[in-house]
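Below you'll find the structure, written out as structure tokens, and then a few comments.
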Amino acid sequence: EHEHAQISVVKDKPVAIVIATSNYISIDEFQEIFRQIGELVKDQQISKLVFDKRALTVFHQPSMEWYFTDWKEKMWDFGLKTHRKILPDNKVFQQSVRIGREKIKNDHPTLKFNQMDIQYKNDLQTAIDE
């Protein structure tokens, strides 16, 4: 349990869930949250991560860059290759994510996140199941 996010694991499935519970997560807390998830990935052979960002209203590019270029790169080697995201119903936030992801992809075309199964879903159950 963190101040701005909840972390859980789906019973009987190799799925971890992160739910943002506030409109902003500082980069320090963001990195700590994902370090903790990294331990779950290693210890419980988690192969899928669902990240529910619906509570967020502030997009932070440096956090996204670290998440893609550092954290996801390390998690690939532990078998975490499927990612599901649930974005807020906020067109500016959604566009910021698209632009930020394109920039990271263009700047880092050889990193492993480019081979991951990353999809955006509308609700938690669909994100877990698909």
Side-chain angles (χ1 to χ4, degrees):
E1 197 69 31
H2 289 269
E3 186 176 352
H4 302 291
Q6 286 180 301
I7 299 170
S8 59
V9 175
V10 178
K11 185 175 174 70
D12 299 325
K13 289 189 179 189
V15 179
I17 301 171
V18 180
I19 300 175
T21 57
S22 68
N23 65 348
Y24 175 73
I25 302 172
S26 72
I27 191 166
D28 291 336
E29 185 176 3
F30 185 84
Q31 289 176 340
E32 181 53 38
I33 289 165
F34 282 91
R35 281 188 199 99
Q36 186 175 347
I37 293 167
E39 293 305 313
L40 288 173
V41 168
K42 294 173 198 174
D43 295 345
Q44 298 186 32
Q45 291 80 50
I46 300 295
S47 60
K48 181 179 195 177
L49 175 68
V50 175
F51 189 5
D52 184 342
K53 305 178 185 186
R54 288 179 286 188
L56 295 176
T57 58
V58 177
F59 174 79
H60 189 248
Q61 181 69 18
S63 293
M64 187 177 189
E65 287 186 21
W66 173 85
Y67 176 62
F68 272 84
T69 63
D70 186 301
W71 190 81
K72 283 186 178 187
E73 192 74 4
K74 292 174 183 168
M75 292 302 106
W76 173 274
D77 294 332
F78 296 104
L80 179 60
K81 298 178 182 174
T82 303
H83 296 260
R84 297 295 179 262
K85 317 288 176 94
I86 307 169
L87 296 178
D89 186 20
N90 174 319
K91 299 299 181 207
V92 172
F93 190 98
Q94 292 172 5
Q95 183 66 15
S96 296
V97 168
R98 275 192 289 280
I99 292 168
R101 188 169 164 195
E102 273 307 305
K103 179 187 182 316
I104 295 167
K105 188 174 187 167
N106 290 336
D107 291 349
H108 305 280
T110 62
L111 292 185
K112 293 179 178 83
F113 74 82
N114 291 295
Q115 301 170 51
M116 291 179 172
D117 176 4
I118 302 171
Q119 297 178 30
Y120 295 87
K121 300 296 178 183
N122 293 322
D123 64 85
L124 196 54
Q125 194 61 56
T126 304
I128 291 167
D129 293 340
E130 295 181 1

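Note that the numbering runs from 1 along the sequence shown for the chain.
- Checked by atom type and distance alone, the side chain of N114 pairs as donor or acceptor with a backbone atom of H108 at under 3.5 Å.
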Next on the checklist: Assess the residue pair I118 and R101 against the criterion (side-chain contact (heavy atoms from CB on, under 4.5 Å)); give the C-alpha distance rounded to whole Å, side-chain angles, the decisive distance to 0.1 Å, and a yes or no.
Outcome noted: CA-CA 11 Å; I118 302 171; R101 188 169 164 195; 3.6 Å; yes
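- Classification of D52 and K121 as a salt-bridged pair fails, no side-chain N sitting under 4.0 Å from a carboxylate O.
- Here E32 contributes atom CD and I37 contributes atom CD1; the two are 10.5 Å apart, rounded to the nearest 0.5 Å.
- Using modelled atom types, no side-chain atom of K13 and backbone atom of D129 make a donor-acceptor pair closer than 3.5 Å.
- In plain terms, the two heavy atoms of Q45 and P14 that are nearest each other are O-CB, 3.5 Å.
- Using a 4.5 Å heavy-atom cutoff, the side chains of M64 and V97 are in contact.
- Rounded to the nearest 0.5 Å, atoms CD (E73) and OG1 (T110) are 7.5 Å apart.
- Across every non-hydrogen atom of A5 and T21, the tightest pair is N-OG1, 3.2 Å.
- In this structure, N122 places its CG atom where only 12 or fewer heavy-atom neighbours from other residues, nucleotides or ligands lie under 6.0 Å away.
- Contact detail for K53 and P88: the closest heavy-atom pair is O-CD, 3.4 Å.
- I128 belongs to a hydrophobic cluster with V10, V15, I17, I19, V50, I86, L124, counting contacts under 4.5 Å between side-chain heavy atoms of Ile, Leu, Val, Met, Phe, Trp and Tyr, direct or through other members.
- Under a hydrophobic clustering in which Ile, Leu, Val, Met, Phe, Trp and Tyr are joined whenever their side-chain heavy atoms come within less than 4.5 Å, directly or via other members, F51 and Y120 fall into the same cluster.
- To the nearest 0.5 Å, the span separating CG on L56 from OG on S96 amounts to 12.0 Å.
- No donor-acceptor pair under 3.5 Å is formed between the side chain of N106 and the backbone N or O of K103.
- Taken from NZ in K72 to CG in L49, the straight-line distance is 8.0 Å, to the nearest 0.5 Å.
- The CD atom of E102 lies 10.0 Å from the CD1 atom of I104; values are rounded to the nearest 0.5 Å.
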Item to check | Steps toward side-chain contact (heavy atoms from CB on, under 4.5 Å) verdict (H83, F113) | outcome: CA-CA 10 Å; H83 296 260; F113 74 82; over 6 Å; no
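- The backbone N or O of K81 lies less than 3.5 Å from no partner atom in the side chain of K112, so there is not a single donor-acceptor pair.
- Summarising the geometry of I46 relative to A16, their closest heavy-atom pair is CG2-N, 3.7 Å, with the distance given to 0.1 Å.
- In this structure, the side chain of S47 does not engage the main chain of L80 through any donor-acceptor pair within 3.5 Å.
- Annotation for D89 and Q94: closest pair CA-NE2, 3.9 Å, computed over non-hydrogen atoms.
- Electrostatic pairing of K42 and E39 counts as a salt bridge here, judged by a charged N lying under 4.0 Å from a carboxylate O.
- Ring geometry, W66 versus W71: the interplanar angle falls from 30° to 60°, so the pair is classed tilted.
- Rounded to the nearest 0.5 angstrom, Y67 OH and F30 CZ are separated by 6.5 Å.
- Not a single donor-acceptor pair under 3.5 Å links the side chain of E29 to the backbone N or O of H2.
- Counting heavy atoms from C-beta on, the side chains of M75 and F34 never come closer than 4.5 Å.
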Checklist entry - So L87 and F93, side-chain contact (heavy atoms from CB on, under 4.5 Å) or not? Walk me through it. => result CA-CA 8 Å; L87 296 178; F93 190 98; 4.1 Å; yes
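- Contact check on D117 versus R84 returns a salt bridge, with a Lys/Arg side-chain nitrogen under 4.0 Å from an Asp/Glu carboxylate oxygen.
- The minimum heavy-atom distance between A20 and I25, with the atom names listed, is CB-CD1, 4.1 Å.
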